[in-house]
Amino acid sequence: MANGGPVQHGFPHLETVRASITALYKRLSYDTVQTFATSVVPADVAFCDTDDLYLGAQRVARELVRHYRLPDARLIVSFREMTHAANVELAAGPEYFVELNDRFRTHRRDIGAALAHEVMHVYLHRLGLSFPGTRDNEILTDTATTYLGAGWLLLDAYREDSASSQKLGYLTPEEFGYVLAKRALVFAEDPSVWFTSPQAYTAYVKGLAEARRDEQQPPLTAAGWAGRRRYAHDRRHAQGDRGAGVRPGVPYSFTPDGRGPLRVSFPCPTCQQRIRVPVRGRVRARCGLCRTVLECDT
C-alpha cells in the first residue's frame with residue numbers, strides 16, 4: 001500500500017499480467033470466465049461513515065464472497081496496525097480471517113477495494129492457482145480480481161496529488177487500467193462510470209490504449225501500416241532462410257513446418273495464449289482457449 005510515498009507508473013509488470021490472464025482462462029475455462037460478465041456494482045460495496053465499522057466490513061466481505069461464488073466461505077474481518085493494506089490467513093476454511101490496516105477505520109470507502117484483493121486470495125487458494133514467488137503471485141491476484149469484476153475498486157482507490165498519495169495493490173494504476181480495459185473489451189462494459197478518483201480515470205485511459213495496441217499487432221488485419229510493413233520484411237527474411245525467425249521487440253515469430261508452409265505464432269489479443277497459423281495470406285483463426293475469432297493477414 002503506497003501511503004503518501006511515490007507511486008510507480010507505467011507497465012513494468014505487463015508480461016506477468018498477460019501470463020496471469022492466460023492462466024485464468026486455462027484454470028477456469030471460457031465458460032466459467034463468462035459467468036463473471038457483471039462487475040461488482042458500487043451500491044453493493046458502498047460504505048459510509050455512519051455505518052458500523054465491523055458490521056459494514058462483514059457486509060462488504062459477504063458481497064464479495066457472493067460475487068466470487070464462494071457460498072461456503074465465511075470471512076471474519078478485523079483491524080490492526082500493519083504495513084500492508086490487508087492480510088488473509090489461507091487455512092482450510094470455511095472460515096478465513098482477514099486483517100485490514102487500521103487506516104481503513106477512517107478511510108472506509110476503500111474497504112471494498114482491500115477486501116476484493118483478499119477474497120480473491122481465498123478464491124485462487126481454493127482453485128489451487130498460484131505463481132511462484134510473492135511478487136508474481138500478488139500480480140496474479142490483482143489481475144484476477146480485476147478481470148473477474150472487482151478490481152475497478154482497487155483502481156478507484158488510487159489518489160495522488162502534490163501533497164499525498166494512496167494506491168492499493170501491486171499493479172501500477174496503468175496496469176490496473178489495462179486489465180480493466182481487457183475485461184471491458186470482452187464484456188462490452190464501461191467501468192469508468194464508477195470511478196470517483198480522476199486519477200483512476202486517467203490511468204484507465206492509458207491502460208485502454210495499451211489494450212487496444214494488443215489488437216493492432218500483425219498479423220492481425222487491424223495492424224497499422226508501419227506494423228504491416230515490418231511484418232512483411234520479417235516474413236520475407238523467414239521465407240528466405242526457412243529457419244525460425246524471432247525478432248526482438250515484436251510479438252510474432254516464424255517457424256518452419258517440415259515441408260509444409262511457413263507458420264507464424266502470435267499472442268491472442270484477448271487471452272494472450274499463443275496461436276499458430278500457416279503463412280498463406282488472409283486466414284481466420286479461432287483461439288481454442290477464449291474462443292475469440294481473429295482476422296489475420298499472414
Could you check whether any side-chain heavy atom of [X] comes within less than 4.5 Å of a side-chain heavy atom of [Y], counting everything from C-beta outward?
{"X": "Q217", "Y": "V250", "answer": "no"}
{"X": "V205", "Y": "L208", "answer": "no"}
{"X": "F266", "Y": "L220", "answer": "yes"}
{"X": "R235", "Y": "V264", "answer": "no"}
{"X": "L140", "Y": "Y170", "answer": "no"}
{"X": "I76", "Y": "V98", "answer": "no"}
{"X": "P261", "Y": "V279", "answer": "no"}
{"X": "L294", "Y": "R286", "answer": "no"}

- Task: Apply side chain to side chain contact (heavy atoms under 4.5 Å, CB included) to the pair L129 and L24, showing each step before the final yes or no.
- Result: CA-CA 8 Å; L129 177 58; L24 270 181; 4.2 Å; yes
Give a yes or no on whether a salt bridge exists between [X] and [Y], defined as a side-chain N under 4.0 angstrom from a carboxylate O.
{"X": "D297", "Y": "R280", "answer": "no"}
{"X": "R183", "Y": "E189", "answer": "yes"}
{"X": "R126", "Y": "D72", "answer": "yes"}

Side chains of [X] and [Y]: do they bring a donor and an acceptor to under 3.5 Å?
{"X": "S197", "Y": "D156", "value": "no"}
{"X": "S265", "Y": "R274", "value": "yes"}
{"X": "Y178", "Y": "R18", "value": "yes"}
{"X": "H117", "Y": "D142", "value": "yes"}
{"X": "R282", "Y": "T298", "value": "no"}
{"X": "E138", "Y": "H121", "value": "yes"}
{"X": "D234", "Y": "Y252", "value": "yes"}
{"X": "E160", "Y": "Y158", "value": "yes"}
{"X": "S29", "Y": "D31", "value": "no"}

Hey, is the main chain of [Y] close enough, under 3.5 Å, to the side chain of [X] for a donor-acceptor pair?
{"X": "D102", "Y": "E81", "result": "yes"}
{"X": "Q273", "Y": "C290", "result": "no"}
{"X": "W152", "Y": "S39", "result": "no"}
{"X": "K26", "Y": "L28", "result": "no"}
{"X": "N101", "Y": "A86", "result": "no"}
{"X": "S78", "Y": "E99", "result": "no"}
{"X": "T146", "Y": "V179", "result": "no"}

Between [X] and [Y], which heavy-atom pair has the shortest distance, and what is it?
{"X": "A85", "Y": "F104", "answer": "O-CE1, 3.3 Å"}
{"X": "G112", "Y": "L64", "answer": "O-CD1, 3.7 Å"}
{"X": "C271", "Y": "T22", "answer": "O-OG1, 2.6 Å"}
{"X": "L115", "Y": "L100", "answer": "CD2-CD2, 4.0 Å"}
{"X": "D214", "Y": "K182", "answer": "OD2-NZ, 2.8 Å"}
{"X": "A116", "Y": "L153", "answer": "CB-CD1, 4.4 Å"}

Do [X] and [Y] belong together in a cluster built from hydrophobic side chains that touch within less than 4.5 Å?
{"X": "V33", "Y": "L127", "value": "yes"}
{"X": "L90", "Y": "Y68", "value": "yes"}
{"X": "V45", "Y": "V193", "value": "yes"}
{"X": "V41", "Y": "V65", "value": "no"}
{"X": "F97", "Y": "M120", "value": "no"}

More than 12 heavy atoms from other groups under 6.0 Å of [atom1] on [X]:
{"X": "Y201", "atom1": "OH", "value": "no"}
{"X": "R135", "atom1": "CZ", "value": "yes"}
{"X": "E95", "atom1": "CD", "value": "yes"}

By ring-ring contact (aromatic ring centres under 6.0 Å, His included), F11 pairs with (sequence neighbours left out) none
Across all chains, not counting sequence neighbours, the ring-ring contact (aromatic ring centres under 6.0 Å, His included) partners of F36 are H67
Evaluate salt bridge (charged side-chain N to carboxylate O under 4.0 Å, His left out) for D110 paired with R103, printing each intermediate quantity in order.
CA-CA 10 Å; D110 298 322; R103 171 185 174 85; 5.9 Å; no
Criterion side chain to side chain contact (heavy atoms under 4.5 Å, CB included) on F195 and L155, from CA distance to verdict
CA-CA 8 Å; F195 295 145; L155 180 53; 3.8 Å; yes
Sort out for me which residue in E175, K206, E174 forms a side-chain hydrogen bond (donor to acceptor under 3.5 Å, both in side chains) with H9.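 Filter result, single survivor: E174.
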In R108, R59, R105, the residue satisfying salt bridge (Lys or Arg N to Asp or Glu O under 4.0 Å) with D51 is R59
Check your understanding: Under 6.0 Å between ring centres, would you say that holds for Y204 and F176?
Key ->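 No, they do not, as the ring centres are separated by 6.0 Å or more.
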- Message: Ring centres under 6.0 Å, that's the criterion: do Y231 and F254 meet it?
- Response: yes
